[in-house]
Protein chains: 2
Amino acid sequence: MTPNKEDYLKEIYKLGGAEKLVGNKQIAEVLKIAPASVTEMLIKLSHEGLLHYEPYKGSCLTKEGLQIAITLLRGHRLWEVFLMRHLGYSWSEAHEDAELLEHITPPRLSGRLDKFLNYPAYCPHGSAIPHSDGQIDRKPLRPLVQLAAGESSHIRKVAEEKELLDYLQSLGIEIDGAVTVASIGPYEGPLMLDLDGRQVQVSHKAACQIYVDER
Amino acid sequence: MTPNKEDYLKEIYKLGGAEKLVGNKQIAEVLKIAPASVTEMLIKLSHEGLLHYEPYKGSCLTKEGLQIAITLLRGHRLWEVFLMRHLGYSWSEAHEDAELLEHITPPRLSGRLDKFLNYPAYCPHGSAIPHSDGQIDRKPLRPLVQLAAGESSHIRKVAEEKELLDYLQSLGIEIDGAVTVASIGPYEGPLMLDLDGRQVQVSHKAACQIYVDER
DNA sequence: TTTGTAAATTAGGATCGCCTAAATGAAGGG
DNA sequence: CCCTTCATTTAGGCGATCCTAATTTACAAA
């Protein structure tokens, strides 16, 4: 395993490769690599038994590949908790450095870090932290943008993307905070939110990446 | 910079490349790489201005190369403090994982880790932790093996090598602990030590890698 | 001064992970 | 059913880092 191959597996997982076939083009896009190079690597990874590769169709992770992807996610999220809770990192900074740290986090390290952090269930961005056996506690969520005007809920998760994280943190948006959609601008216009009495405007695009409780 | 090149610089530094020329053979040995490959890489690193390479003579670090080596050492030792103090690592485990972590520790991370740890001066094995400006507080030390029978001192540092660390930790040897050389076996025989009243025997070879105050 | 030996370099090759350009396959619209 | 389009694969290459084998250099002992 190299950090490189790990990134392939992780991104395929994030693209849904645990349940369905993922096309090469998508993988090439998120990894910023030429499609031809992706084909090559996928064949290699399938020979290693880490994914099922169906030419011209796509790839999905095997149990082994899934295990590696989840282990990476676990390391990533545990580090995020550490970086924000103890080192004073911001949302986006934590994500950035965790992206590096995840690749050099053997089970011994993630296990002890987990204990040190007192077994956190969620990362600072609201994603569930997989247990050491690979189990993930999923919570049913929907994007904020699906709420109707006047509806209330709680913010449970935000997508991990640098620009978005900086934007949302500057707005003072917080995980588990109460939110009410005051109004929705027409034509994918901005949403006006009520956060504990504070009025905040967020773009439609951002609202697609913010998740709240289902129902 | 790649982890690879970083390792070259770090090992050259540890072999004394900050003060004198280091031969290729030594570098090849510690990195477990063929001498021919070392020649190749040294030429590359010298083109990058990280070291002075004198064919058939050896190499020494430039200011830039030295800076990188010291930054690595700083990250390594800070992580060791964290791993032992907060995650319950042993001497050798801490060294092992710090070896990985050092390569993905940008200044932002080492700076905040340093603060979190309350600016420790020494790593758990007794080596000084370089400051962020590259400054290192050196303390004059000599190997324990140089002490005469009956002499007393304090253990200040041990070499970082897995086997040695496991050996010494199993003996209960501790940094800053008082030590008196009770007797010295002839012909590079073992030394009998008195550690706070406890009698402990260590091999000659180990005593070469344990450092105590000078004079 | 010659020469033996150990260290270092050169030559030639392999593998890995990436690239571009060209060819091929799949899938829906006419 | 054909054909366009777009995803994908194949072919051929490149640079990085390692290797082994053969050659050259440095240095010191005879």
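Sequence lines set the chain letters: A, B, ... in the order given, protein chains first and strands last, and positions in each chain run from 1. Note that the structure is a prediction, hence the values are computed from the model and not measured. Atoms considered below: every heavy atom in the structure, side chains included; atoms not considered: hydrogens, waters and symmetry mates.
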Taking atom [atom2] of [N] as reference, at what distance in whole Å does atom [atom1] of [X] sit?
| X | N | atom1 | atom2 | value |
| --- | --- | --- | --- | --- |
| B/E29 | C/dA8 | CD | C1' | 14 Å |
| A/K25 | D/dC6 | NZ | P | 9 Å |
| B/N24 | D/dC18 | CG | P | 13 Å |
| A/K44 | C/dT15 | NZ | P | 11 Å |
| A/I27 | C/dC18 | CD1 | P | 13 Å |
| A/Q26 | D/dA7 | CD | P | 11 Å |
| A/M41 | C/dC16 | CE | P | 10 Å |
| A/I43 | C/dC18 | CD1 | P | 14 Å |

Taking the side chain of B/S37 as heavy atoms from C-beta outward, which of D/dC18, C/dA21, D/dA21 is closest to it? D/dC18
Please list all pairs meeting salt bridge (charged side-chain N to carboxylate O under 4.0 Å, His left out) that have one or both residues in [range], counting only residues at least two apart or in different chains.
| range | result |
| --- | --- |
| residues 57-71 of chain A | none |
| residues 120-129 of chain B | none |
| residues 71-95 of chain A | A/R74-A/D114, A/E93-B/R108, A/E93-B/R112 |

Using the six-membered ring of B/Y122, assess whether NZ or CZ of B/K139 lies under 6.0 Å from its centre and within 45 degrees of the ring axis. yes
Pairing residues for B/E151 by the salt bridge (charged side-chain N to carboxylate O under 4.0 Å, His left out) criterion, not counting sequence neighbours: B/R142
Salt bridge (charged side-chain N to carboxylate O under 4.0 Å, His left out) against A/E102, all qualifying residues, sequence neighbours excluded: A/K10
Give me the residues of residues 1-21 of chain A where at least one heavy atom lies under 4.0 Å from an atom of DNA chain D, by number, or none. none
Is any side-chain nitrogen or oxygen of A/T39 closer than 4.0 Å to OP1 or OP2 of D/dT8? no
Show me the donor-acceptor pairs, under 3.5 Å and distance only, between side chains in residues 27-45 of chain B and residues at least two apart or in other chains.
{"from": "B/E29", "atom 1": "OE2", "to": "B/K25", "atom 2": "NZ", "distance (Å)": "3.4"}
{"from": "B/T39", "atom 1": "OG1", "to": "B/N24", "atom 2": "ND2", "distance (Å)": "3.2"}
{"from": "B/T39", "atom 1": "OG1", "to": "B/P35", "atom 2": "O", "distance (Å)": "3.3"}

All N/O pairs under 3.5 Å across the protein-nucleotides 24-26 of chain C interface:
none

May I have all residue pairs that pass side chain to side chain donor-acceptor pair (under 3.5 Å) and include part of residues 202-212 of chain A, sequence neighbours excluded? none
Does a sphere of radius 6.0 Å around NZ in B/K14 hold more than 12 heavy atoms from other residues, nucleotides or ligands, not counting ones at 6.0 Å or beyond? yes
